[in-house]
There are 2 protein chains.
Amino acid sequence: MTSVQKITKRAIILKEAAKLFKEKGFGGATMRDLAERVGIEAASMYNHIRSKDELLEEICFGIGRKYDEQLSQIDQKKITYPEKIEAVIAFHIQMIIEDANAVSVLNNDWKFLNSGQMIEFKAMRNEYEKHLAALISKGIEQGAFKKINVSVALFTILSSLRWVELWYKPSRGISKEDLAKDISAILMNGVKA
Amino acid sequence: MTSVQKITKRAIILKEAAKLFKEKGFGGATMRDLAERVGIEAASMYNHIRSKDELLEEICFGIGRKYDEQLSQIDQKKITYPEKIEAVIAFHIQMIIEDANAVSVLNNDWKFLNSGQMIEFKAMRNEYEKHLAALISKGIEQGAFKKINVSVALFTILSSLRWVELWYKPSRGISKEDLAKDISAILMNGVKA
DNA sequence: TTCCGAAACTAACAAACGTTAGTTAGTTTT
DNA sequence: AAAACTAACTAACGTTTGTTAGTTTCGGAA
């Protein structure tokens with residue numbers, strides 16, 4: 001049994017939910033609409049899931065955990081800080097391309113988590129940002145980066161990456177590697193000649 | 001009567017609607033919730049507005065037109081292309097700080113416009129992006145910018161600016177001028193030392 | 001073939017939704 | 001003073017929402 005992932009109906013529902021939430025937003029998406037895409041009746045979905053909220057929760061925290069793990073892995077590598085930042089840029093793009101819908105939901109619909117989960121989510125996100133900010137700070141200390149405002153740099157980088165979700169289509173004919181290279185180049189070296 | 005703007009109830013509803021839509025999303029916001037914030041009954045609002053959709057429409061196109069006008073004004077100025085881009089960055093930040101809620105609605109809830117208005121909105125946005133892309137292209141031709149991928153540069157800049165909405169608070173103690181300067185610096189010159 | 005549990009179905013619920021209708025009090029216009 | 005207008009109200013409308021209950025279908029194990 002070497003990593004043969006069983007495709008459960010639950011997984012199908014989650015996948016379609018991510019797509020639907022991205023298209024209509026969590027509030028605008030209805031369970032009947034989702035059920036139609038899955039190919040069963042709305043009521044039947046409750047044999048596989050607990051609630052609409054549970055779908056959102058699983059999407060947000062599932063993706064969130066992936067980000068955390070990847071960042072930790074990169075941080076442990078023995079490479080320079082600019083290389084680490086570039087690795088972060090590359091894996092953000094990879095995540096967005098691999099799991100576009102779920103990443104979009106994480107970015108846009110986390111505010112519909114119930115209050116307890118929302119607090120947890122915000123804590124997770126804060127920690128992630130802190131972790132990334134630390135990489136920038138150390139890079140500055142070592143003289144690898146300019147003496148920039150760390151918060152501004154952090155959010156400029158994170159935000160630059162978010163648009164990939166809105167923009168990237170395979171049809172545009174630019175590979176994810178080239179995209180990562182181009183974005184890295186601009187953020188690292190700017191646009192001015 | 002020198003520019004004495006009368007504060008109509010309609011204007012109050014629009015202002016509160018922008019705030020509410022930002023908080024809960026267009027789908028998650030209810031007319032009863034909005035009415036409560038305005039201080040009247042939900043039904044009473046219909047003496048001042050036509051529908052919930054109309055609120056969204058007015059917010060999106062009102063802000064959209066402001067962006068268009070400002071960009072045109074900057075383009076007409078006799079300054080260099082890097083200076084024009086920096087001016088665009090400054091006014092985006094200005095817009096976000098002055099009209100945070102409405103800008104957020106434009107960015108996140110335009111997809112809830114009815115189909116006709118959505119087409120119009122997308123056309124407006126495409127034109128705006130084309131206009132801005134042309135500024136970058138000309139800057140490259142003149143040798144003022146590196147030979148970068150114009151689309152990547154365009155969206156990296158636009159996306160970097162969007163996060164200001166999520167991040168900026170007067171309480172952080174950084175002025176909008178300083179913020180514009182720092183963001184400009186990173187986008188123009190990068191982070192690498 | 002029989003049996004059983006999983007997974008589908010139909011029907012219905014209560015709550016919430018945007019909106020309309022009808023009315024009333026207060027103000028402005030004629 | 002009469003008429004018209006403004007802006008608020010209460011009540012209710014017809015839908016749509018997420019979800020539950022009860023029933024049927026169906027594939028695989030005994």
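Here the structure is a predicted model, which is why all the values come from computation and not from measurement. Just the heavy atoms: all of them, side chains too, but no hydrogens, waters or symmetry mates, feed the values below.
- The existence of a salt bridge linking A:R50 and A:E58 is excluded, since no basic side-chain nitrogen approaches an acidic carboxylate oxygen closer than 4.0 Å.
- A:F26 does not carry A:K111 over the face of its six-membered ring by the limits of under 6.0 Å from the centre and within 45° of the normal.
- A cation-pi contact, defined as under 6.0 Å to the ring centre and within 45° of the axis, links B:R125 to B:W110.
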Polar atom pairs (N or O), protein with nucleotides 23-29 of chain D, under 3.5 Å:
none

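- At whole-Å resolution of the value, CD in A:E36 and P in D:dT17 are 12 Å apart.
- A donor-acceptor pair is defined here as one N or O able to donate and one able to accept, closer than 3.5 Å; no such pair exists between the side chain of B:E83 and the backbone of B:I79.
- Other residues, nucleotides and ligands contribute only 12 or fewer heavy atoms inside 6.0 Å of the NZ atom of B:K181.
- B:M118 is connected to B:L56 through a chain of hydrophobic side-chain contacts under 4.5 Å among Ile, Leu, Val, Met, Phe, Trp and Tyr, so both are in one cluster.
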Reading nucleotides 5-21 of chain C from the 5' end, what letters show protein touch, with B for base, S for backbone sugar-phosphate only, - for no heavy atom under 4.0 Å?
--BBBBBB----BBBBB
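- Side-chain atoms of B:K146 do not come within 3.5 Å of backbone N or O of A:A185 as any donor-acceptor pair.
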For residues 97-106 of chain A, which side-chain N or O atoms pair as donor and acceptor with protein atoms under 3.5 Å away, sequence neighbours left out?
from: A:E98; atom 1: OE2; to: A:Q94; atom 2: NE2; distance (Å): 2.7
from: A:S104; atom 1: OG; to: A:N108; atom 2: ND2; distance (Å): 3.3
from: A:S104; atom 1: OG; to: A:E165; atom 2: OE2; distance (Å): 2.9

